[in-house]
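Numbers here simply count residues along the sequence, with the first being 1.
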Amino acid sequence: MNLTYQVENNKYTILKDNRPWIVQDDYFPYPGATVEESAQNHINQIIADNTRQEEDIVTREELEAQSTELKLAIAETAETEAMERANMQLAIAELAEFIAGGA
């Protein structure tokens with residue numbers, strides 16, 4: 001995304017890839033000492049916002065990966081616990097059979 005600006009009298013137009021995109025006439029959301037500076041401040045804010053959004057996307061992807069890893073770890077733990085319970089039940093059954101005088 002290539003952002004530039006054009007100034008006419010007391011307004012500016014931000015161009016996105018050389019096409020008019022945002023027009024500010026008399027109200028400048030990111031005021032500067034001049035109309036040109038206000039336009040550049042506006043562009044700087046758009047770039048900063050886009051950078052934050054890209055960082056948020058990376059963070060979201062990282063969180064999703066961590067969530068997947070945690071789900072796998074929980075599933076593995078549950079499987080291990082189930083196997084341990086089954087082994088314990090088998091051992092108890094064998095012990096009960098032994099105590100009862102079985103083979």
Side-chain angles (χ1 to χ4, degrees):
M1 170 171 64
N2 179 29
L3 299 178
T4 55
Y5 64 85
Q6 292 176 338
V7 173
E8 283 182 43
N9 300 323
N10 197 32
K11 78 174 190 179
Y12 65 82
T13 302
I14 294 179
L15 307 171
K16 180 179 179 182
D17 298 324
N18 295 320
R19 293 189 174 134
W21 184 41
I22 299 171
V23 177
Q24 293 299 141
D25 191 4
D26 291 326
Y27 168 72
F28 304 135
Y30 306 98
T34 64
V35 175
E36 290 81 3
E37 189 176 317
S38 298
Q40 188 59 55
N41 290 345
H42 197 157
I43 288 173
N44 294 345
Q45 187 62 47
I46 291 168
I47 292 169
D49 290 346
N50 284 343
T51 301
R52 272 194 296 280
Q53 287 175 356
E54 289 171 6
E55 290 170 354
D56 288 346
I57 289 169
V58 170
T59 301
R60 195 173 315 122
E61 290 170 353
E62 290 171 353
L63 289 174
E64 287 171 358
Q66 289 174 359
S67 174
T68 300
E69 289 174 13
L70 285 173
K71 287 176 185 175
L72 288 172
I74 290 168
E76 289 174 3
T77 300
E79 184 178 332
T80 300
E81 288 177 358
M83 289 175 63
E84 288 175 357
R85 272 194 307 276
N87 287 335
M88 183 67 76
Q89 289 172 346
L90 182 58
I92 291 170
E94 289 174 354
L95 182 59
E97 185 178 330
F98 176 76
I99 291 171

Distance-minimising heavy-atom pair for [X] and [Y]:
X	Y	answer
S38	G32	OG-N, 2.8 Å
P31	N41	O-ND2, 3.2 Å
F28	Q24	CE2-O, 3.8 Å
V35	V7	CG1-CG1, 3.6 Å

Out of curiosity, does I47 fall in the hydrophobic cluster containing L15 (side-chain heavy atoms, cut-off under 4.5 Å, transitive links)?
->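 L15 does not cluster with I47.
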Is V23 linked to I46 within one hydrophobic cluster, defined over Ile, Leu, Val, Met, Phe, Trp and Tyr using a side-chain heavy-atom separation of less than 4.5 Å?
->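 Hydrophobic grouping puts V23 apart from I46.
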Is there a donor-acceptor pair under 3.5 Å between the side chain of T77 and the backbone N or O of A73?
->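 Yes.
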Side chain to side chain contact (heavy atoms under 4.5 Å, CB included) assessment of E37 paired with Q40 | CA-CA 5 Å; E37 189 176 317; Q40 188 59 55; 5.7 Å; no
Quick one: are N44 and Y30 in side-chain contact, heavy atoms under 4.5 Å?
->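 Not touching, per the 4.5 Å side-chain cut-off.
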Student check: side-chain heavy atoms of K71 and I74 closer than 4.5 Å |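 They are not in contact (no side-chain heavy atoms under 4.5 Å apart), so the answer is no.
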Interatomic spacing from [atom1] in [X] to [atom2] in [Y] - rounded to 0.5 Å:
X	Y	atom1	atom2	result
I22	T13	CD1	OG1	10.0 Å
Q6	N18	CD	CG	9.0 Å
M88	L95	CE	CG	11.0 Å
L3	D17	CG	CG	7.5 Å
M83	E81	CE	CD	12.5 Å

Between the side chains of Q45 and D49, does any donor sit under 3.5 Å from an acceptor?
->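 Indeed, the side chains of Q45 and D49 share at least one donor-acceptor pair under 3.5 Å.
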Short side-chain donor-acceptor distance under 3.5 Å, Y12 and H42 =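 Yes, because at least one side-chain N or O of H42 sits under 3.5 Å from a partner of the opposite role on Y12.
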With a cut-off of 6.0 Å (strictly less than), are more than 12 heavy atoms of other residues, nucleotides or ligands near CE of M1?
->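 Yes.
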Using a cut-off of 6.0 Å, state whether more than 12 heavy atoms not belonging to N9 lie near its atom CG.
->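 For N9, atom CG is not crowded (no more than 12 foreign heavy atoms under 6.0 Å).
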